[in-house]
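For reference, the structure discussed in these notes is given below.
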Amino acid sequence: MQAEQHKIEQQPKHAENVIECQNLSHRYGKRLIYKDLSFSVPRGRILGLLGKNGTGKTTTINILSGYLAPTAGCCTILGYDVRHMPHTMRRHIGLLIEGHVQYQFMNIEQIERFYAAFYPNQWRRDAYYELMRKLRVAPKQRISRMSCGQRSQVALGLILAQNPQLLVLDDFSLGLDPGYRRLFVDYLREYARAEQRTVFLTSHIIQDMERLIDDCIIMDYGRILVQRPVRDLLSLTRSYTCPAPDRFDLKTLDNLNGIYHPELNRGTLEFTATIPLGQIELLLKQRGLEIDALKSRKINLEDAFIGLTGKY
Amino acid sequence: MLKSIILKEWLKTRWYLIFAAIVTIAYSAFLMLRMHRAIDLKGAAHIWEVMLLRDTIFINSLSVLPLLVGLVLALMQFYPEMQRKCLKLTLHLPFSRMQTTLAMLLYGLLALVLCFAMSFILMRLSMQTILPPELIKHVLLSSLPWFTAGIAAYLLGAWVILEPTWKRRIAYILLSALLLRVFFVSDTPEAYNQFMPWLALLTLLCASLSWLSVHRFIDGQQD
């Protein structure tokens, strides 16, 4: 009876959100990375975590994959606290470590055989070998002798063969040339959409993210700046330019909600905003600025990211 | 799953294990050959007398070999796990983390015991024709702490390598050096006879230290 209950408990809980993080705080020694971070990832969505270096992306991935105890707060995956998850639940989580790390001393056949034993009834050998056929490597070639691109395909192939409910990918584009990045993104997107899988990922190459993700979280130092579907973010966020008024002081635009990182560039005022034009004009008027020729421009995810987080 | 873990360990260490077995057996054979030659030249009675009266066992140069074999095995087995934090992959497998660590250590221990046992049996068989049973026992018992040191070196090596921070790693190296020194305090044959059960217990306890390092790795400890 107890054994049966144990078995039932180790099934993924069918919660609406596959990942749920509440009031997450972390510090390395005295350095605070972030405080009271809360976010969730709904089932079947692809969420990209964007942020500059040092904002805590890898910290978040490490906490989610159970390799870092947060200073405060807790994270659940498939309904289980990541720190106290039954080990059998890990079969539902595919993990890609930064740099597509895999066992260097194995070849593509050995590594497939190795992992297959851990995922009975769910291992999809064909999915792995389908991807491997695209690589021009001998079956006996060791992973240590492969290029970074080839290694990334091996790592992706293994995750696809594992067929997990959640994929956690840390900086998946690191070290990949455009061809391999595209191959990785296309394969992953197709798989996630077809199988209704949930993906949580980070990358430094935002153009790739735009092709792949449904939702994004943009992190600034110590906090979440934006969390919303990419489509909404891109429809709301615009880049604005106008000639700067005489004796204009940038401090005039300090602490304006919805207006990010105003800059003066050769007499032109530039900023990014997530509020409609009318509201911007109203805010500027309240600060004593009469601007007539405010031009707005649609931007892509990378521009939105830089506009919201600043260049430096 | 256990079979897969063993396969992984074998793939990492197979060439080294073959090399270590050859070196250990070859060196033991060389020492035995020297002993046989000494008996041929000086006569069995003289050699037995020297062994009894001057506390000579003719295999003293073997003493650090098991230690080196154990240390290098730990390096060959656990360094690839720490390379670019590959251990994350191992610990992410849907298998108990403690059992995974234990299986890895057990593999190494069995491999070492097998390697040392071959050398031990070779010496035993080789001495059978030239030494009386009492002297064979005397030589083999004297070498036992060295082989135990090899096993302890392997376990302590695993503890050090799996530790995620350099600060602690250095402290562990110093502590390990002190612990291993215990196995080499006396050169006198059979000096450890009374102490051997305690040395064996100390060695067994060293096995639990690796779990401490793995636990710190899971907690995300870093420099």
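Every chain is numbered from 1 and lettered A, B, ... according to where its sequence line falls, protein lines coming before strand lines.
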Select one option (side chain, backbone, both, neither) describing which atoms of [X] are under 4.5 Å from chain B's heavy atoms.
| X | value |
| --- | --- |
| A/R83 | side chain |
| A/I111 | neither |
| A/L95 | both |

Heavy-atom closest contact ([X] atom, [Y] atom, distance):
| X | Y | result |
| --- | --- | --- |
| B/K12 | B/E81 | NZ-OE2, 2.7 Å |
| B/E9 | B/T13 | O-OG1, 2.7 Å |
| B/L180 | B/A149 | CD2-O, 3.8 Å |

**Prompt:** Within a strict 4.5 Å, meaning less than it, do heavy atoms of the B/L140 and B/M127 side chains meet?
**Reply:** yes
If you tally heavy-atom pairs under 4.5 Å against chain A, which of [options] wins?
| options | result |
| --- | --- |
| B/M1, B/K88, B/R84 | B/K88 |
| B/L11, B/L7, B/T90, B/L93 | B/L93 |
| B/C86, B/P94, B/P80, B/S4 | B/P94 |

Between A/F105, A/F118, A/Y115, which shows the greatest number of heavy-atom pairs under 4.5 Å with chain B?
->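 Heavy-atom pairs under 4.5 Å are most numerous for A/F118.
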>> With no hydrogens and no angle check, just 3.5 Å: does a side-chain donor-acceptor pair link A/T76 and A/D81?
In response: no
- Query: Will you find, in the side chains of A/E130 and A/Y187, an N or O donor that is under 3.5 Å from an N or O acceptor?
  - Reply: yes
*Where does B/Q222 contact chain A at under 4.5 Å (heavy atoms): side chain, backbone, both or neither?*
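Only the side chain of B/Q222 comes within 4.5 Å of chain A.
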| request: Go through the atoms of B/K85 and report whether side chain, backbone, both or neither lie under 4.5 Å from a heavy atom of chain A. | output: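 Just the backbone, heavy atoms under 4.5 Å.
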task: Decide if atom OH of A/Y28 counts as having more than 12 heavy atoms of other residues, nucleotides or ligands within a radius under 6.0 Å.
output: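 Counting other residues, nucleotides and ligands, OH of A/Y28 exceeds 12 neighbours.
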